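The structure appears below as structure tokens.
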Amino acid sequence: MKTIAIDDEPLALSLITGYVEKTGFLKLVGQFDNPVDAIDFITYEDVDLIFLDIQMPDLTGIEFLRSLPDPPKVIFTTAYEKYALEGYKLNAVDYLLKPFGYEEFLTAVQKARKLFDMERKLSDVAENRDFLFLKSEYKIRKIEFDDILYIEGLKDYIKVYLESSDDPVLSISTVKSVEKKLPSDKFMRVHRSFIVNLEKIKTIERSRIVFGDTYIPVSDQYKAKFQKFVKENFL
């Protein structure tokens, strides 16, 4: 599970990251001493679990979690027991009261792991579907995978560009959220803001994918994976 920790206390942050690094099924991908710095990271990068302090300056952990349109799983880590009820109302996996030891930490992350594994099984079932539902303009629209050209992420909403329409479908979601619902053998994320339908690619020009008048960049982070796809299908 890809994990980040957010805590304004250096010692607490060090303790949590140390616990994460000694737990085999967790991978630390970021640590932040304030939630504001973590917002962009969470919006565009894959994060499965956040260890989140509550009482922080500028933005509390609860305010931060409420601001996320599609939050990952969260385990609150705080010295204040009075926030426990509020944390559970926000569907937190668990609530660790400081100071806590590794045994308590491990119990909490095992809960998160069970939820993660359950969702992954559901995702595997979704791989066999050929459509998804998107909420757009107060309606729920069925979008066929085969009709999608590419998807563009714009902070807390996405634009889905279709072969059958000149106008994209707007929906409140994130790139990383919709990526999980798409079959990985047909769709590929090539930029933190773009996912493309691999079967619809007709032209590639200077590390850019061309859809009509639109040029989609392939960023360095995803270049190796995309080049492998091109090489495997090159004559």
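For clarity, every value in this text was computed on a predicted model and none was experimentally measured.
- Between K223 and D220, at least one side-chain nitrogen of the basic residue sits less than 4.0 Å from a carboxylate oxygen of the acidic one, meeting the salt-bridge criterion.
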Derivation and outcome, side chain to side chain contact (heavy atoms under 4.5 Å, CB included), residues V190 and I195:
CA-CA 6 Å; V190 295; I195 297 171; over 6 Å; no
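- Residues Y19 and L106 share a single hydrophobic cluster, defined by chaining ILVMFWY side chains whose heavy atoms lie under 4.5 Å apart.
- Heavy atoms only, all atoms of each residue included: V36 and N34 are closest at N-OD1, 3.1 Å.
- Residues G153 and I158 come closest through the heavy atom pair CA-CG2, 4.2 Å.
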Yes or no on side chain to side chain contact (heavy atoms under 4.5 Å, CB included) for K186 and L198, after CA distance, side-chain angles and deciding distance?
CA-CA 6 Å; K186 295 180 181 179; L198 297 171; 5.9 Å; no
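- Here the side chain of N233 pairs a donor or acceptor atom with the backbone of F229 at under 3.5 angstrom.
- Taking the six-membered ring for Trp and the full ring otherwise, F51 and F76 have centroids separated by 6.0 Å or more.
- Taking CD1 from I6 and CD1 from I16, the interatomic distance works out to 10.0 Å, rounded to the nearest 0.5 Å.
- One distance of note links CD of E163 with CG of D147; it measures 6.5 Å at 0.5 Å rounding.
- Under the 4.5 Å side-chain contact rule for hydrophobic residues, F41 and L59 share a cluster.
- Following chains of ILVMFWY side-chain contacts shorter than 4.5 Å, one can reach V196 starting from V230, so the two form part of one hydrophobic cluster.
- The shortest side-chain heavy-atom distance between V178 and L132 falls under the 4.5 Å cut-off.
- Criterion: ILVMFWY side-chain heavy atoms under 4.5 Å apart, direct or through other members. Under it, M1 and Y102 are part of a common hydrophobic cluster.
- Among residues two or more places apart in sequence or in another chain, the side chain to side chain contact (heavy atoms under 4.5 Å, CB included) test is passed with D146 by E199, K200.
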Pair F145-L182, side chain to side chain contact (heavy atoms under 4.5 Å, CB included): steps then yes or no
CA-CA 8 Å; F145 289 155; L182 297 170; 3.6 Å; yes
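- A donor-acceptor pair is defined here as one N or O able to donate and one able to accept, closer than 3.5 Å; such a pair exists between the side chain of S67 and the backbone of F64.
- The closest side-chain heavy-atom distance from R192 to V175 is not below 4.5 Å.
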Which is it for V93 and V74 under the side chain to side chain contact (heavy atoms under 4.5 Å, CB included) test, yes or no, and what are the steps along the way?
CA-CA 6 Å; V93 173; V74 168; over 6 Å; no
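- With respect to E152 and K159, no salt bridge is recorded, no charged nitrogen being found less than 4.0 Å from a carboxylate O.
- The structure places CD1 of I4 at 3.5 Å from CD1 of I42, a figure rounded to the nearest 0.5 Å.
- Scanning both residues, K176 and P72, for their nearest heavy atoms gives NZ-CG, 4.0 Å.
- Under a 4.5 Å side-chain heavy-atom cut-off, the cluster of Ile, Leu, Val, Met, Phe, Trp and Tyr residues that includes Y222 has no other member.
- Within 6.0 Å of CD in E232 there are more than 12 heavy atoms belonging to other residues, nucleotides or ligands.
- In this structure, D53 and M56 approach most closely via the heavy-atom pair O-CE, 3.1 Å.
- Between T203 and F211, the closest side-chain pair of non-hydrogen atoms is not below 4.5 Å.
- Put simply, CD1 on I216 and CD1 on I209 are 6.0 Å apart, with the number rounded to the nearest 0.5 Å.
- The neighbour count for I204 CD1, taken as heavy atoms of other residues, nucleotides or ligands under 6.0 Å away, is above 12.
- R113 pairs with exactly one of L115, D117, V109 by the side chain to side chain contact (heavy atoms under 4.5 Å, CB included) rule, that one being D117.
- For the atom pair NZ (K2) and CG (D46), the distance works out to 4.5 Å, reported to the nearest 0.5 Å.
- Between the E104 side chain and the G101 main chain, a donor and an acceptor come within less than 3.5 Å of each other.
- The two residues Q221 and E45 make their nearest non-hydrogen contact at NE2-OE1, 3.3 Å.
- Side chains of Y157 and T174 form no contact here, defined as non-hydrogen atoms less than 4.5 Å apart.
- Side-chain atoms of T107 come within 3.5 Å of backbone atoms of E103 as a donor-acceptor pair (strictly under, hydrogens ignored).
- With hydrophobic clusters built from ILVMFWY side chains whose heavy atoms lie under 4.5 angstrom apart, I62 shares a cluster with L97.
- Between T3 and V47 the shortest side-chain heavy-atom distance does not fall below 4.5 Å.
- To the nearest 0.5 Å, the span separating CG on L52 from CG on L96 amounts to 11.5 Å.
- The aromatic rings of Y150 and Y161 lie parallel to each other, with less than 30° between the two planes, well short of the 60° mark.
- Contact detail for L134 and S171: the closest heavy-atom pair is CD2-OG, 3.9 Å.
- Distance alone, capped at 3.5 Å, is enough to place a donor-acceptor pair between the T17 side chain and the L13 backbone.
- Classification of the H191-F194 ring pair by plane angle, with boundaries at 30° and 60°, yields perpendicular.
- At a threshold of 4.0 Å, the pair K27-D48 does not count as salt-bridged, since none of the basic side-chain nitrogens sits closer than that to a carboxylate oxygen.
- Checked for salt-bridge contact, E205 and R208 meet the test: a charged N lies under 4.0 Å from a carboxylate O.
- Judged by distance alone, with hydrogens and angles left aside, the side-chain atoms of T60 form a donor-acceptor pair with the main-chain N or O of E63 at under 3.5 Å.
- Ring centroid separation for the pair F116 and F25 does not come in under the 6.0 Å cut-off.
- Using a 4.5 Å cut-off on side-chain heavy atoms (C-beta onward), R141 and V169 make contact.
- Of the candidates I54, L15, D7, D7 is the only one forming a side chain to side chain contact (heavy atoms under 4.5 Å, CB included) with T77.
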